[in-house]
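For clarity, every value in this text was computed on a predicted model and none was experimentally measured.
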Amino acid sequence: MSFSVSEIKNKAKRGEIYEKLRIAKGKAKRQRRQEFKKEEQDNPELREARLRENVPKTQENTREFDEAVVNDADEEVAQDEEEDEFASYFNGQAPKVLITTTPNAGKKTTSFVKELVSVVPNLEYIKRGKKFALQQIIEFCKGREYTDLVVVTEDHKEPTHVTLIHLPEGPTAHFRLTRIKGGKEISGHGRATSHHPELILNQFSTRLGHTVGRMFASLFPQVPEFQGRQVVTFHNQRDFIFFRRHRYVFKNSKRVDLQEIGPRFTLRLRWLQKGLYDPANGEYEWSYKADLETSRRRVFL
């Protein structure tokens, strides 16, 4: 006859038995782990087999199949990228970037922009007046051979969106901006230097992701200055792009730590437009819509 602890009517007695069972279960689990550990020490092949079979499931390795995912050996994509809008940058052209904001931007927005100026080499900040429309600013940048234009927009004096315009012919990407944290707000933060940072683009695996990743790459000089020990990371996780900036700290000949410099923020692509910024008549290569999110395992970058 089977017996269940839940059938005990006395609450105190029932709780006491549950606690004893919990302790016994944990003890048995620890004992099994110790036995497995000893067996694996005697036979390393058992550990290799366990690690090979017990692969944890993540949202990245269980993502839905997407035909747009690019393989490393895809010759067609490689050929297209040799002739796209960013090809001149990857062939040695030095980036020259201008950043501005909405007219009369608030303190938080200007503070965020000034931190970006310390992140991207050759980034120039020009305060925007009321009388200058974005189309005028684009023509201004084209006439002075800027390679990119970054516009930070705000809502209720809080920075909310970033528009990245590659010059002189596009494309244009518009991102939602969230979770901003300045360098001074980060505990134990380091100080930035003027050295060109290394750049890491992580998990931009689709055709759309490659385009977005190349837009980010075209903002930074191709040759980093390794003596600065600075690294900038754009990490894509389920279409949320996490930005971080760190410095390598060499503790000794075997140990290397990372010290965060800041700022940190998160971007999410809202739309990508072919050509220059033209929300009324422009051709959209991709645009976010709520009905696209049919599953948490479906991603677009």
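Scanning all heavy atoms of the two residues, the minimum distance from Ala94 to Thr147 falls at O-CG2, 3.9 Å. Looking at every heavy atom in both residues, Gly275 comes nearest to Thr172 through O-OG1, 3.0 Å. Considering every non-hydrogen atom in both Pro221 and Pro95, the closest pair reads N-CG, 3.8 Å. In terms of heavy atoms, Gln93 sits closest to Ser88 at OE1-OG, 2.7 Å. Across all their heavy atoms, Ala192 and Arg245 have their closest contact at CB-NH1, 3.4 Å. Nearest heavy-atom pair across Lys157 and Gly106 is CD-CA, 3.7 Å.
The backbone N or O of Ile8 sits less than 3.5 Å from a side-chain atom of Arg14, completing a donor-acceptor pair. In this structure a side-chain-to-backbone donor-acceptor pair under 3.5 Å is present from Tyr89 to Phe220. Put simply, the side chain of Lys96 gets close to the backbone of Arg144: a donor and an acceptor are under 3.5 Å apart. The main-chain N or O of Thr102 is never found under 3.5 Å from a side-chain atom of Glu154 such that the two would form a donor-acceptor pair. Counting only distance, with no hydrogens or angles, the side chain of Arg247 and the backbone of Arg191 share a donor-acceptor pair below 3.5 Å.
Between Thr193 and His195, the side chains place a donor N or O and an acceptor N or O closer than 3.5 Å (distance only, hydrogens not considered).
Asn104 has its side chain within reach of Lys130: a pair of non-hydrogen atoms, C-beta onward, lies under 4.5 Å apart. Counting heavy atoms from C-beta on, the side chains of Lys142 and Leu276 come closer than 4.5 Å. For the pair Leu116 and Phe265, the minimum side-chain heavy-atom distance is below 4.5 Å. At least one side-chain heavy atom of Lys181 sits under 4.5 Å from a side-chain heavy atom of Ile186. Between His166 and Ser218, some side-chain heavy-atom pair lies under the 4.5 Å cut-off. Inter-residue side-chain proximity for Thr178 and Arg176 is flagged as met; some heavy-atom pair is nearer than 4.5 Å. For the pair Val152 and Phe112, the minimum side-chain heavy-atom distance is below 4.5 Å. Considering only heavy atoms from C-beta on, Asn122 stays 4.5 Å or farther from Val97 through its side chain.
Considering only residues two or more places apart in sequence or on other chains, Asp84 meets the salt bridge (charged side-chain N to carboxylate O under 4.0 Å, His left out) condition with Arg214. Not counting sequence neighbours, the partners of Asn252 by the side-chain contact (heavy atoms from CB on, under 4.5 Å) test are Lys254, Arg255.
Rounded to the nearest 0.5 Å, atoms CD (Glu260) and NE2 (His189) are 10.5 Å apart. With rounding to the nearest 0.5 Å, the separation of CE in Met215 from OG1 in Thr211 is 8.5 Å. Within the model, atoms OG1 of Thr100 and CZ of Arg128 stand 6.0 Å from one another, a figure rounded to the nearest 0.5 Å. Put simply, CZ on Arg33 and NZ on Lys37 are 11.0 Å apart, with the number rounded to the nearest 0.5 Å. Rounding to the nearest 0.5 Å places CZ of Arg270 at 5.5 Å from OH of Tyr288. The NE2 atom of His235 sits 10.5 Å away from the OG1 atom of Thr266 when rounded to the nearest 0.5 Å.
At most 12 heavy atoms of other shown residues, nucleotides or ligands fall within 6.0 angstrom of atom CZ in Arg47. Within a 6.0 Å radius of CD in Glu19, more than 12 heavy atoms belonging to other residues, nucleotides or ligands are found. Enclosure of atom CD in Gln227 by more than 12 non-hydrogen atoms of other residues, nucleotides or ligands within 6.0 angstrom is indicated. Counting non-hydrogen atoms of other residues, nucleotides and ligands closer than 6.0 Å to CD of Glu145 gives a total of 12 or fewer.
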Under the criterion side chain to side chain contact (heavy atoms under 4.5 Å, CB included), I'd like the reasoning laid out for Leu269 against Asp239: C-alpha separation, chi angles, the key distance, then a yes or no. CA-CA 7 Å; Leu269 183 66; Asp239 294 340; over 6 Å; no
Verdict with reasoning, Ile241 to Asn236, per side chain to side chain contact (heavy atoms under 4.5 Å, CB included): CA-CA 4 Å; Ile241 303 169; Asn236 174 43; 4.2 Å; yes
Would you sort out whether Glu198 and Tyr248 count as a side chain to side chain contact (heavy atoms under 4.5 Å, CB included), showing the intermediate values? CA-CA 11 Å; Glu198 299 175 61; Tyr248 298 113; 3.2 Å; yes
Could you walk me through whether Tyr284 and Gln273 pass the side chain to side chain contact (heavy atoms under 4.5 Å, CB included) check? CA-CA 4 Å; Tyr284 288 88; Gln273 190 178 79; 3.4 Å; yes
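Under the 4.5 Å side-chain heavy-atom criterion for Ile, Leu, Val, Met, Phe, Trp and Tyr, Phe36 and Leu46 are members of distinct hydrophobic clusters. By the criterion of side-chain heavy atoms lying less than 4.5 angstrom apart, applied directly or through intervening Ile, Leu, Val, Met, Phe, Trp or Tyr residues, Leu167 is not grouped with Val120; the two fall into different hydrophobic clusters. Both Val256 and Val231 sit in one connected hydrophobic cluster of ILVMFWY residues. Membership requires side-chain heavy atoms under 4.5 Å apart, directly or through other members. Linking Ile, Leu, Val, Met, Phe, Trp and Tyr residues whenever their side-chain heavy atoms come within less than 4.5 Å leaves Phe234 and Phe242 in two separate clusters. Placement of Val119 and Val117 within a single hydrophobic cluster is found when ILVMFWY residues are connected by side-chain heavy-atom separations under 4.5 Å, directly or transitively.
A salt bridge is absent between Glu35 and Lys38; no separation between the charged side-chain nitrogens and carboxylate oxygens falls under 4.0 Å. Comment: Lys108 engages Glu158 in a salt bridge, judged by a side-chain N to carboxylate O separation of less than 4.0 angstrom.
Two rings, from Phe216 and Phe175, have their centers less than 6.0 Å apart. Aromatic ring centres of Phe140 and Phe132 lie farther apart than the 6.0 Å criterion allows.
Looking at Ile99, Leu219, Val151, Leu149 one by one, the single match for side-chain contact (heavy atoms from CB on, under 4.5 Å) with Leu164 turns out to be Leu219. A side-chain contact (heavy atoms from CB on, under 4.5 Å) with Phe243 is found for one member of Thr233, Val232, Leu267 and no other, namely Val232.
The aromatic rings of His174 and His161 lie parallel to each other, their planes meeting at an angle below 30°, with 60° marking the opposite boundary.
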